[in-house]
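To start, the structure itself, in structure tokens.
Ligands are counted one by one from 1 in listed order, and the atoms in each one are counted from 1 as well.
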Amino acid sequence: MKIHALLFIALFVLRLSTQISVTDRLWRNNEGTIKAILNHSFVQGMASGDLKKKNYDYYTDQDMMYLSYYSRASALAGVKTTNNSHFKSFLRIAQSTIVEREQVKNKTSMNPANIKYTEFLTSTARNMDPFYTAVAIAPCGVLYGYLGRELAKIASPTTKYMEWITLYNSTDFETEVKVIEDLINDNNTPVVTDVVNKLYETAMKYEYEFFDAAYRYE
Ligand SMILES: *[C@@H]1O[C@H](CO)[C@@H](O)[C@H](O)[C@H]1NC(C)=O
Ligand SMILES: *[C@@H]1O[C@H](CO)[C@@H](O)[C@H](O)[C@H]1NC(C)=O
Ligand SMILES: *[C@@H]1O[C@H](CO)[C@@H](O)[C@H](O)[C@H]1NC(C)=O
Ligand SMILES: CC(=O)N[C@H]1CO[C@H](CO)[C@@H](O)[C@@H]1O
């Protein structure tokens, strides 16, 4: 009787744990970094409006340069995948992040945090299976959706950064993020291995450094 009860509980727990998607699990594993990003003066400064315009402009330029690599990493994963549904998703992500030349004002060169992050994305896309590229590019989108929603709740109505907040708080952006999450969750590799965890964690830490570098720019 007791053994049956234990077995039942064990099966129930197993079922519960498998119901958590891979992306939710990765998110939970990185909550410390995510909270630190939300609390960062750069991010909070966008909501309050206290962030200096000079730092925001610098960030935007860095972000455009970043996206041009992000877009190519996704396209490369698309070229490598043999699954047609994944192929479409990767190309959709690549297409939606294409940066036009005039969008990069290029008053500055890429900072070390940006170089590190984009080299990480490029080498993941070159050297690993497409699934791992999906994991490496996920934190950027998932994080921005979260920041958009959180900042929308606390933003000063007069902040000059409302455009950024509404962009990432939008349902359109949420739909784009879902494309990336589905690539990960619909895969035949539903377990969070050390490699998967490390890729996600690395990208999330680079997200922190990216905001931090823009905040420190003088
Ligand atoms: C939040 O940021 C403030 C100021 O930047 C810092 O003093 C504080 O330690 C941070 N809190 C957390 C939980 O990261
Ligand atoms: C954020 O999104 C929610 C849900 O779509 C919406 O109700 C709210 O008005 C948005 N806020 C801003 C500042 O964009
Ligand atoms: C392609 O991926 C989709 C979604 O993950 C899956 O449902 C489908 O079975 C895969 N197709 C092949 C041929 O592996
Ligand atoms: C559009 C453009 O001129 N981009 C340049 C910006 O600066 C980096 C170096 O930091 C170049 O690699 C880009 O070509």
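Using cut-offs of 30° and 60° on the angle between ring planes, the pair Phe210 and Tyr117 is perpendicular.
Centroid-to-centroid, the aromatic rings of Phe173 and Tyr144 stay 6.0 Å apart or farther. Separation of the Tyr70 and Tyr66 ring centroids falls under the 6.0 Å cut-off.
Classification of Asp194 and Lys198 as a salt-bridged pair fails, no side-chain N sitting under 4.0 Å from a carboxylate O. Of the charged side-chain nitrogens involved, none lies within less than 4.0 Å of a carboxylate oxygen, so that Arg28 and Glu31 do not count as a salt-bridged pair. Under 4.0 Å is where a charged nitrogen must lie from a carboxylate oxygen, and between Glu181 and Lys178 no such pair does.
Ligand-side atoms of ligand 1 in range of Ser41: 5 (O), range being under 4.0 angstrom from any heavy atom. Residue His86 approaches ligand 3 through these ligand atoms, each under 4.0 Å from one of its heavy atoms: 2 (O), 4 (C), 5 (O).
The shortest heavy-atom distance from Ala36 to ligand 1 is not under 4.0 Å.
Distance screen at 4.0 Å: atom 4 (C) of ligand 2 has no protein heavy-atom neighbour inside the cut-off. Within the 4.0 angstrom cut-off, atom 7 (O) of ligand 1 has no protein heavy-atom neighbours.
Of the protein's heavy atoms, Asn169 ND2, 3.2 Å lies nearest to atom 12 (C) of ligand 2. Protein heavy atom closest to atom 13 (C) of ligand 2, with residue, atom name and distance, is Ala152 CB, 3.8 Å. Looking at atom 10 (C) of ligand 1, its nearest protein heavy atom turns out to be Asn39 ND2, 2.4 Å.
Evaluated by nearest non-hydrogen atom to atom 11 (N) of ligand 3, the leading choice among Asp182, Leu183, Asn83, Asp186 is Asn83.
Between Leu38 and Tyr146, some side-chain heavy-atom pair lies under the 4.5 Å cut-off.
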